[in-house]
Amino acid sequence: MHRFENAKVLLTGGGSGIGRAAALRLAAEGATVFSVDVDHSGLPETERIRLHQADVSDETEISAAVRAAAAELDGLDVVVNVAGIHRTTPIAELTVADLRRLYDVNLIGTALCCREALPHLPDGRGVIVNVSSSSATHGNPYMTAYSASKAAVLGFSLSLAAEVIGRGVRVVVVSPGTVATPLVGEDVLVGLDISYYRRIRSPMGVAEPDQIAATIAFAASADAGYLTGAEIRVDGGSHI
Ligand SMILES: NC(=O)c1ccc[n+]([C@@H]2O[C@H](COP(=O)([O-])OP(=O)(O)OC[C@H]3O[C@@H](n4cnc5c(N)ncnc54)[C@H](O)[C@@H]3O)[C@@H](O)[C@H]2O)c1
């Protein structure tokens with residue numbers, strides 16, 4: 001498929017996991033992708049994939065990154081917010097710093113990128129795809145802060161969809177279940193019985209990043225032209 005021929009894509013979190021897979025998928029379908037990440041060691045620069053180092057939670061850095069993307073690509077058609085962090089903490093040990101860091105990256109990074117990118121998106125066909133998580137609508141032990149930050153991404157995105165629908169700009173949320181990336185490594189999901197978690201939360205097994213990237217590409221494409229203000233859960237039956 002070549003659904004993104006000549007499309008200009010700004011994507012955060014392209015350095016690893018789902019963002020990396022989405023950058024490669026969109027580029028393979030013809031897009032030029034401007035990836036913003038704090039660490040791009042997992043993604044080589046190519047003619048179709050440009051790399052820009054920035055922290056999405058830093059207002060100055062993400063504003064500059066969006067300006068750089070729009071200047072280098074000569075506008076934007078699609079924005080994909082994938083950058084995110086995870087941490088598991090028992091409620092008794094949850095700190096304000098933990099809560100703030102998860103919100104800073106997962107919600108505020110997404111919100112700032114949308115705010116800065118929206119003026120560059122074309123009326124009638126601009127698209128934003130924000131990555132939340134099945135944890136936004138699912139209870140998991142030790143994930144209070146992470147789940148709350150991802151539920152915030154979902155709520156933010158639904159209201160944004162309502163706000164920009166008059167411009168013909170679509171906003172879609174993609175919520176993965178468990179995906180094989182460093183984000184759900186044993187060093188991140190501390191204290192959780194990971195085999196239990198994977199069995200209960202991943203009845204179809206753990207997803208590969210490519211499977212989520214395929215859904216992100218669909219949501220961003222003209223194939224999803226009637227889709228906005230919607231959440232697509234790609235969670236392998238996690239909610240059954
Ligand atoms: N892996 C899963 O099981 C899973 C499930 C549901 C949702 N998600 C969501 O998918 C997204 C991608 O996760 P992943 O599994 O690919 O993780 P990952 O750790 O493989 O990739 C995350 C990327 O985001 C970047 N990043 C982190 N903080 C950043 C910041 N402040 N500024 C810029 N870049 C930053 C990292 O450097 C990394 O390249 C996240 O938003 C995550 O919450 C993942």
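We count ligands from 1, going down the list as the structure has it; atoms in each ligand are counted the same way.
- The 4.0 Å heavy-atom shell around ligand 1 contains residues G13, G15, S16, G17, I18, D37, V38, A54, D55, V56, V82, A83, G84, I85, R101, V105, V131, S132, S133, Y146, K150, P176, G177, T178, V179, T181, P182, L183, V184, ordered by chain and number.
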Residues 85-93 side chain polar contacts: donor-acceptor under 3.5 Å, at least two apart:
residue: R87; atom: NH1; partner: D98; partner atom: OD1; Å: 3.2
residue: T88; atom: OG1; partner: V188; partner atom: O; Å: 3.1
residue: T88; atom: OG1; partner: V190; partner atom: N; Å: 2.8
residue: T88; atom: OG1; partner: V190; partner atom: O; Å: 2.8

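- A donor-acceptor pair under 3.5 Å links the side-chain atoms of R170 to the main chain of A219, judged by distance alone.
- Checking V172, L118, V80, V78 one by one against I128, the side-chain contact (heavy atoms from CB on, under 4.5 Å) holds for a single residue, L118.
- A side-chain contact (heavy atoms from CB on, under 4.5 Å) with I18 is found for exactly one of I216, V174, D210, namely I216.
- By the side-chain hydrogen bond (donor to acceptor under 3.5 Å, both in side chains) test, T181 pairs with no residue at all, sequence neighbours left out.
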Could you give the side-chain donor-acceptor pairs of residues 39-46 under 3.5 Å, partners two or more places apart or in another chain?
residue: D39; atom: OD1; partner: S41; partner atom: N; Å: 2.9
residue: D39; atom: OD1; partner: S41; partner atom: OG; Å: 2.7
residue: D39; atom: OD2; partner: S41; partner atom: OG; Å: 3.4
residue: H40; atom: NE2; partner: S35; partner atom: O; Å: 3.4
residue: H40; atom: NE2; partner: S35; partner atom: OG; Å: 2.7
residue: E45; atom: OE2; partner: L51; partner atom: N; Å: 2.9
residue: T46; atom: OG1; partner: R48; partner atom: N; Å: 3.2
residue: T46; atom: OG1; partner: I49; partner atom: N; Å: 3.0

